[in-house]
Amino acid sequence: MVKEHFVPVALNLQVEADRKDAQGEFFRQINKAPFPETYKVPYFTGASGRIHGMTASGKFLCKHTPGSICRDCDPTIALEGWNDLPASQRKPGAVQLDKAGKIDPKIPRPPEGGLILQVYESRLAGDLKGELRRREKHETFSWGTYEPGRDQIWLSQTDWKALLPPDRKKGARYSLPAGVAGPMIARLTDWSEANGAHWQREHVRSHDLTLTVEDVSATTIRLRLEGSVRLAHDAPKEAVRYHQALRPLHHEDPRAFARYDAQLLGYLSYDLKRESFTRFDVVALGEYVGPLLNPYRNEDRQNFYLIKPCPLGVSIEIARPGLVVPPASCATDGLLKK
Amino acid sequence: MFLSRVKSAVVMLAVVVMLGMGLAGSSWLALAVPPPDRTEPRASDAGKTPARIPADQFDKLRALIKPLPGGFDDIPWMTDLWEARKKAAAEGKPLLVWVGDGHPLGWT
């Protein structure tokens, strides 16, 4: 129903509410009204997010949603509200928008001619040396169904072009360029329902990632990426105390620290006529230990929150067109650069 | 007598200066040595290094990691409100706006 009847858009409240441009002005204007009126809170608020039906001019379509515990707007009710509007307000072209104007320069934009990669991170259940499976609903730290973490990598044109083989012969091997390896290694973490381990350059204990030319034709270059990455924070100097309430979920090693030992495998295809990558499928798999809520210590500097060792899988692929989400770890994209 | 006292004073001064330089040098050296706060993980601390990923397991592993089909990733969410409003106006459709404290489709 959503695909057929709506234009869906997903936004970050922190960005939209603060941006200094026409889009920010519009968002702040529409988000002044409370929903529902008795709750006295704006339509869009809160960490868990809100979904609302709205016209292009900014008129909300749900005034209330009976029975909805999340105070969201049920799309079926939004559609009823839409159909209740006069046809003159619903017809194509009925709403005329001004030009967007100058975009706030602080809004992150993908590099011109760059390559956007989509990243998914999942803590898996099972054994690395045995059978792995998706986590069940009850195998989460919260009340919801387990969802993979999501992030993006924005490669500049210079960085993705460096992936092309210097020697276009089948079997040629060369190192994964640092401009690609760095952002990829930074994403080998777990944002699924936890504050992932932040990897800095000094945490990269070793990495050996190579590309091999699998095939070269008149139209395509096919590459295989493989290798390993070993990441680790420094071991703590003092024994770790765990949060009592979370103890059963956590690693009992009193000298635990964040780490990830991963193997990577991937397949890339480059279209010589389109001069672009048409496939960039990479997976990483290994044992992971990382922070759950806070990066190691909270305010009393006593309690660690570490997830016990578990298999972590990371999948990287070309993002679908139009899916542009600012990466979480922009600052660590220079991970292997001096 | 006077000269010998002067010589003794010069020698003492030289000793004091050299000692001082030495102490200062020690301090400088101590600062130059990296503090022992970076502990390389011991081999026993390192996680189990997995075997290489078999090529025939690649697709299965990707499917395990990625979101299940049929979820919200299957909806073609736009990520620019202005562009979405333009599209909605041109097509005569309402918007479905999902706003999170942190991007719903990314790092939150």
Side-chain angles (χ1 to χ4, degrees), chain A residues 2-3 5-14 16 23 27 44 46-47 49-56 61 75 78 82 90-93 95 97 100 120 122 124 128 132 134 147-148 150-152 191 232 234-235 259 261 263 265 281 283 285-287 309 313-315 322-325 328, chain B residues 35-42 44-55 57-68 71-108:
Chain A
V2 172
K3 285 183 192 175
H5 296 290
F6 290 89
V7 173
V9 57
L11 306 166
N12 182 346
L13 177 67
Q14 296 170 18
E16 300 304 323
Q23 184 164 316
F27 185 85
F44 299 115
R50 292 286 181 270
I51 294 178
H52 277 286
M54 194 178 82
T55 67
L61 297 170
W82 170 258
R90 290 185 278 124
K91 68 180 182 183
V95 178
L97 267 65
Y120 298 105
S122 283
L124 301 171
L128 278 172
L132 291 170
R134 196 181 286 270
E147 272 291 326
R150 292 161 171 79
D151 200 352
Q152 286 198 337
W191 290 110
D234 301 332
R259 60 178 185 259
D261 291 336
Q263 291 284 332
L265 178 64
D281 295 338
V283 293
L285 179 66
E287 187 177 78
V314 179
S315 167
L323 185 60
V324 181
V325 182
Chain B
D37 61 350
R38 288 200 56 226
T39 310
E40 188 72 20
R42 301 182 299 273
S44 59
D45 291 332
K48 299 170 197 165
T49 303
R52 291 173 65 175
I53 300 168
Q57 295 293 307
F58 183 79
D59 291 335
K60 184 182 175 189
L61 183 57
R62 277 188 79 213
L64 276 180
I65 297 166
K66 292 177 60 175
L68 281 169
F72 61 81
D73 290 88
D74 288 356
I75 294 173
W77 298 100
M78 298 177 73
T79 53
D80 184 301
L81 180 57
W82 206 274
E83 292 300 320
R85 290 177 65 207
K86 272 171 50 181
K87 182 176 166 65
E91 296 180 4
K93 287 182 176 180
L95 294 153
L96 192 68
V97 189
W98 183 13
V99 180
D101 192 6
H103 204 291
L105 305 179
W107 168 69
T108 55

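Each chain gets a letter, A, B and so on, in the order its sequence line appears, and its residues count up from 1. Quick caveat, the model's predicted, so the values are computed rather than measured. Just so it is clear, the values below take in all heavy atoms, side chains as well, and ignore hydrogens, waters and symmetry mates.
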Are V7(A) and M78(B) packed together at the side-chain level, in the sense that at least one heavy-atom pair is separated by less than 4.5 angstrom?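 Yes, close enough: below the 4.5 Å cut-off.
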Tell me, do I75(B) and F6(A) make a side-chain contact under 4.5 Å, heavy atoms counted?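 I75(B) vs F6(A): side chains apart.
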Which one of A55(B), G71(B), A90(B) has the most heavy-atom pairs closer than 4.5 Å to chain A?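 Of the candidates given, the most pairs with chain A belong to A90(B).
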Who among K66(B), K60(B), K87(B) has the most heavy-atom pairs with chain A under 4.5 Å?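 Counting heavy-atom pairs under 4.5 Å, the top option is K66(B).
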Supply the atom-to-atom distance [X] [atom1] to [Y] [atom2], rounded to the nearest 0.5 angstrom.
X: L95(B); Y: W82(A); atom1: CG; atom2: CH2; result: 8.5 Å
X: F72(B); Y: E147(A); atom1: CZ; atom2: CD; result: 4.5 Å
X: E16(A); Y: D80(B); atom1: CD; atom2: CG; result: 8.0 Å

Let me see the working for V9(A) and W77(B) under side chain to side chain contact (heavy atoms under 4.5 Å, CB included), right down to the final yes or no. CA-CA 5 Å; V9(A) 57; W77(B) 298 100; 5.5 Å; no
Please give me the minimum heavy-atom distance between [X] and [Y], naming the atom from each residue.
X: V97(B); Y: M54(A); answer: CG2-CE, 4.0 Å
X: R150(A); Y: P67(B); answer: NH2-CG, 3.3 Å
X: N12(A); Y: G102(B); answer: OD1-N, 3.1 Å
X: P148(A); Y: I65(B); answer: CG-O, 3.5 Å
X: I53(B); Y: L265(A); answer: O-CD2, 3.5 Å
X: R134(A); Y: L64(B); answer: N-CD2, 3.5 Å

I'd like to know if the side chain of [X] and the backbone of [Y] have a donor-acceptor N/O pair within less than 3.5 Å.
X: Q23(A); Y: W82(B); value: yes
X: R85(B); Y: T55(A); value: no
X: H52(A); Y: W98(B); value: no
X: T79(B); Y: V324(A); value: yes

What part of A78(A) gets within 4.5 angstrom of chain B, counting heavy atoms only: side chain, backbone, both, or neither?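 Contact with chain B: none, neither part.
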Using non-hydrogen atoms only, which part of K91(A) is less than 4.5 Å away from chain B: side chain, backbone, both, or neither?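 The backbone, not the side chain.
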Interface residue of largest heavy-atom contact number with chain B, from A10(A), S315(A), A56(A), S122(A), under 4.5 Å: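 Winner by heavy-atom pair count: A10(A).
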As an exercise: rank L132(A), L61(A), L323(A), D281(A) by heavy-atom pairs under 4.5 Å with chain B and give me the winner.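 Looking at each option in turn, the highest pair count goes to D281(A).
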Can you tell which part of A63(B) gets under 4.5 Å to a heavy atom of chain A, answering side chain, backbone, both or neither?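 Contact with chain A: backbone only.
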